[in-house]
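A note on names: the letters A, B, ... follow the listed sequences, proteins ahead of strands, and every chain is numbered from 1.
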There are 2 protein chains.
Amino acid sequence: MPENDKKAQRPIMALLDILGQRWVLRIIWELRDAPLNFRALRARCDQISPTVLNQRLTLLRDNGLVDLGDDGYVPTPLCEELGEILLQLTDWSRHWQQQQTQAD
Amino acid sequence: MPENDKKAQRPIMALLDILGQRWVLRIIWELRDAPLNFRALRARCDQISPTVLNQRLTLLRDNGLVDLGDDGYVPTPLCEELGEILLQLTDWSRHWQQQQTQAD
DNA sequence: CCCACTTGCTACATATTATGTAGCACGACT
DNA sequence: AGTCGTGCTACATAATATGTAGCAAGTGGG
């Protein structure tokens with residue numbers, strides 16, 4: 001985890017630190033449309049090791065991005081806003097892949 | 001690096017794999033407004049080790065996101081679009097940090 | 001009461017990845 | 001020829017992730 005001085009000052013730095021950790025973006029992405037329990041979430045994330053999954057879920061819960069409800073893990077309302085932003089990546093990624101296949 | 005079956009099918013998965021690697025988001029972020037050479041970029045990224053920085057820059061160049069010009073590393077036009085999306089994270093992160101400090 | 005079953009999660013040995021420091025090879029300038 | 005800054009590499013050490021097995025707690029029968 002990149003420990004840096006800017007983190008305390010700038011929320012965006014703290015955010016990039018979190019989102020930049022392996023599996024975090026993917027986990028948020030997979031939780032976008034339906035609650036998933038621990039084991040289902042693992043399956044969606046290519047059977048990520050439970051150790052890391054738990055570390056990441058703890059991190060996300062500590063930071064108010066994810067909650068564990070009766071139906072499984074769900075993004076908080078705040079995190080759903082974040083999901084909206086990430087959703088834009090879908091369109092962009094198609095655009096990007098087109099340009100890439102042309103370049104090859 | 002999460003190797004997964006969905007990657008080939010869905011551009012978004014390939015994208016999340018790249019963006020989810022340590023330092024990648026940060027590097028894209030730091031290159032947003034001005035070209036930075038290798039050493040300057042290191043300095044901006046908390047003196048990230050040159051080994052990893054080079055790995056990530058190679059990755060980003062191979063994927064058409066970053067170029068090395070005369071003034072240093074610059075995001076490609078395509079990557080600038082991505083930067084626009086990431087820029088929205090700034091506002092969101094402030095909102096997020098407010099809620100977090102209330103929760104503590 | 002006991003048993004099977006599912007849940008979130010942990011233990012731990014192994015493999016992968018990052019860090020930190022030093023410095024190389026190359027080009028430009030003096 | 002010598003110095004400077006550049007992108008980048010080597011390599012030993014430290015930090016992280018993986019993969020497998022299984023624990024502890026809850027639920028719902030029979």
Winner on side-chain proximity to B/R61, out of D/dC8, D/dA17, C/dT10, is D/dC8
Sorted by chain and number, sequence neighbours left out, side-chain contact (heavy atoms from CB on, under 4.5 Å) with A/R32 holds for A/W29, A/L87
Of the candidates D/dG7, D/dT20, D/dA17, the side chain of B/F38 sits closest to D/dG7
Sorted by chain and residue number, the salt bridge (Lys or Arg N to Asp or Glu O under 4.0 Å) partners of B/R94 (sequence neighbours excluded) come out as B/D91
When rounded to whole Å, the CD to C1' distance for the pair A/Q21 and C/dA18 reads 13 Å
Taken to the nearest whole Å, CG/B/D17 to P/D/dA17 is 15 Å
**Report entry** Criterion side-chain contact (heavy atoms from CB on, under 4.5 Å) on A/L25 and A/L89, from CA distance to verdict
**Finding:** CA-CA 11 Å; A/L25 280 174; A/L89 293 178; 5.8 Å; no
Practice problem: Would you indicate, yes or no, if C/dG8 has its OP1 or OP2 atom less than 4.0 angstrom from a side-chain nitrogen or oxygen of A/R42? | Solution: no
Residues 80-89 of chain A vs side-chain hydrogen bond (donor to acceptor under 3.5 Å, both in side chains), sequence neighbours excluded, gives A/E81-B/H95, A/Q88-B/Q88
Contact check, residues 63-70 of chain B vs DNA chain C, heavy-atom distance under 4.0 Å, returns none
Rounded to whole Å, the CG-C1' distance (A/L59 to D/dA17) equals 15 Å
Closest of D/dA17, C/dG8, D/dC8 to the A/N37 side chain is C/dG8
query = Is there side-chain contact between B/T90 and A/L15, with at least one heavy-atom pair below 4.5 Å?
reply = no
A/R22 atom CZ is separated from C/dT16 atom P, nearest whole Å, by 11 Å
Out of D/dT18, D/dG7, C/dG20, minimum distance to the side chain of B/R39 belongs to D/dG7
message = Please check: side-chain N/O of A/D67 versus main-chain N/O of A/G69, any donor-acceptor pairing under 3.5 Å?
response = no
Checklist entry - Under a 4.5 Å cut-off applied to non-hydrogen side-chain atoms, are A/I48 and A/R22 in contact? => result no
Taken to the nearest whole Å, CD1/A/I48 to P/D/dT18 is 6 Å
Mind listing the N/O atom pairs, protein and nucleotides 27-30 of chain C, below 3.5 Å?
none

The complete set of ring pair (Phe, Tyr, Trp, His ring centres under 6.0 Å) pairs with one or both residues in residues 53-92 of chain B, sequence neighbours excluded, reads B/W92-B/W96
C/dT10 OP1/OP2 closer than 4.0 Å to side-chain N/O of A/N54:
yes
(Q) Using OP1 and OP2 only, check whether a side-chain N or O of B/W23 sits under 4.0 Å from C/dT17. (A) no
Whole-Å distance, B/L53 CG to D/dG7 P, equals 10 Å
Which of D/dG7, D/dT18, C/dT19 is nearest the side chain of B/V52? It is C/dT19
Quiz item: So, B/Q100 side chain and A/D62 main chain: donor-acceptor pair closer than 3.5 Å or not?
Solution: yes
The nucleotide from C/dA18, D/dC8, D/dA17 with an atom nearest the side chain of B/Q55 is C/dA18
Per nearest nucleotide of DNA chain C, the residue lying toward the 5' end, B/R56 or A/L57, is A/L57
When rounded to whole Å, the CG to P distance for the pair B/L36 and D/dC8 reads 14 Å
Atom CG of B/L41 and atom P of D/dT6 are separated, to the nearest Å, by 13 Å
For A/D33 and A/E30, the nearest pair of non-hydrogen atoms, with its separation, is OD1-O, 4.3 Å
